[in-house]
Amino acid sequence: MKMRTRLLDINQLQDGMITAKEIIYNGTVLIGKDIKLTNHLLDKLNLIYYLDKVEVYISEEESKELIALEKVDETLKNITVDVKLLFDNTNTLKSSTTNEVNKYTEKLLDELKNNSLFLKNIVLNGSGEDSVYRHSVNVAAVSYMIGKWAGFSENKLHFLVYASLLHDFGKTKISKQIINKSGKLTPEEFEVMKTHPRLTYDEIKEIPFISNSVLYGVLMHHERCDGSGYPLGLKGSQIHDFGKIIGISDTFDALNSNRVHKKKKGPLEALKVIRDESLEKLDFKYCNIFLEGLKNFYVGQNALLNNGDTCKIIQINTNNIDSPLVLTNNEFVDLSKSSNLNIVELI
């Protein structure tokens, strides 16, 4: 297999990669050339701040995918900047801004239609500590995938992505001390946070000819099928489909992202939460569509086990979604029958 060298950030390094050059820090050689990186070495490297990029050998195929993923990430960052400018510079979402929202919606739709790596980027990276802008872009992308898997028309997908991009606009009207708080919100602060769907709705309902589906999507994305959600306490069929789908996407991205106050769940652990909540809180039909789609995506992906070994996901049982059949060290291992092994991240 043809090998190339590539400069990678520390967080892009993986167990098993081979160094193409010495890793030097403050004039000291930390790791020599042609050394296989292990999780133990990677843990040590992660403790060193301001370490330059590391040059490693990777296959031509891996190099192409890394380049493609970097382009996808750059696109998502650019759309996030657009959304942030729209949210921050617009006191009210008047009709003059609808063309802007439509433009960003179409831009994201065009990218999502033509590049399957968007889903991989979102699964691998989440939205980090940005719980408003990048989060809104990720939620729009995941909502699009659910709508596509559900067989929505192009027109319906457009409105779904439009609503998803705007669903957390109301958070810009809430104190940043609450939005960016590193600890648990007090009951009083949480009551303030719960106003953001209504705040969004109140802003965008003034847009002439706005689709009711968009209005209901932003207003209802925190409603839950058992009536435990907010702001209206709606149940089951009272909740619009867009509210149900954005609610699933919103939950997944929050679980799959490192926030100031919490670490992200493992990729399959996040799916288990969605499956569990589909029994009462989240819509069962759309959760099933989402889980089947993600399940098909995960099969064939490489992953890291908690013992440091890498594996390939071979088969996933929806009823035991966080414990798939994997291939590791040339052996098939059923994680549902192993009490001490689990997947911690995708590679």
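Just so you know, residue 1 is the first one in the sequence shown, and it goes up from there.
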> What pairs with Lys156 under salt bridge (Lys or Arg N to Asp or Glu O under 4.0 Å), at least two apart in sequence or on another chain?
Replying inline: none
> Can you name the residues that form a salt bridge (Lys or Arg N to Asp or Glu O under 4.0 Å) with Glu280, not counting sequence neighbours?
Replying inline: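 With sequence neighbours excluded, Glu280 shows a salt bridge (Lys or Arg N to Asp or Glu O under 4.0 Å) to no residue whatsoever.
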>> Enumerate the ring-ring contact (aromatic ring centres under 6.0 Å, His included) contacts for residues 135-154, please, sequence neighbours excluded, ordered by first and then second residue.
In response: His135-His167
> According to the ring-ring contact (aromatic ring centres under 6.0 Å, His included) rule, which pairs have a member within residues 182-204, sequence neighbours left out?
Replying inline: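 Sorted pair list: His196-His221, His196-His222.
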> How close do Ile274 and Ile248 get, heavy atom to heavy atom, and via which atoms?
Replying inline: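 Taking every non-hydrogen atom into account, CD1-O, 4.1 Å.
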> What pairs with Lys33 under side-chain hydrogen bond (donor to acceptor under 3.5 Å, both in side chains), at least two apart in sequence or on another chain?
Replying inline: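 Testing Lys33 for side-chain hydrogen bond (donor to acceptor under 3.5 Å, both in side chains), a comparison that skips the adjacent residues, returns Tyr57.
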>> Running the 4.5 Å side-chain criterion over Ile, Leu, Val, Met, Phe, Trp and Tyr, what cluster does Leu325 land in, apart from itself?
In response: Ile314, Leu327, Phe332
Give a yes-or-no answer on whether the side chains of [X] and [Y] include a donor-acceptor pair shorter than 3.5 Å.
X	Y	value
Ser136	Asp168	no
Asp334	Ser336	yes
Asp226	Ser228	yes

>> Side chains of Asn288 and Ser278, heavy atoms from C-beta outward: is any pair under 4.5 Å?
In response: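 Asn288 does not reach Ser278 side chain to side chain.
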>> Do Leu86 and Phe169 have side chains that approach each other closer than 4.5 Å (heavy atoms only, starting at C-beta)?
In response: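 Leu86 vs Phe169: side chains apart.
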>> Can you tell me how the ring of His158 sits relative to the ring of Tyr162, calling it parallel under 30°, perpendicular over 60° and tilted otherwise?
In response: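 Correct class here is tilted.
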> Are Lys71 and Glu74 ion-paired here, with the side-chain N under 4.0 Å from a carboxylate O?
Replying inline: no
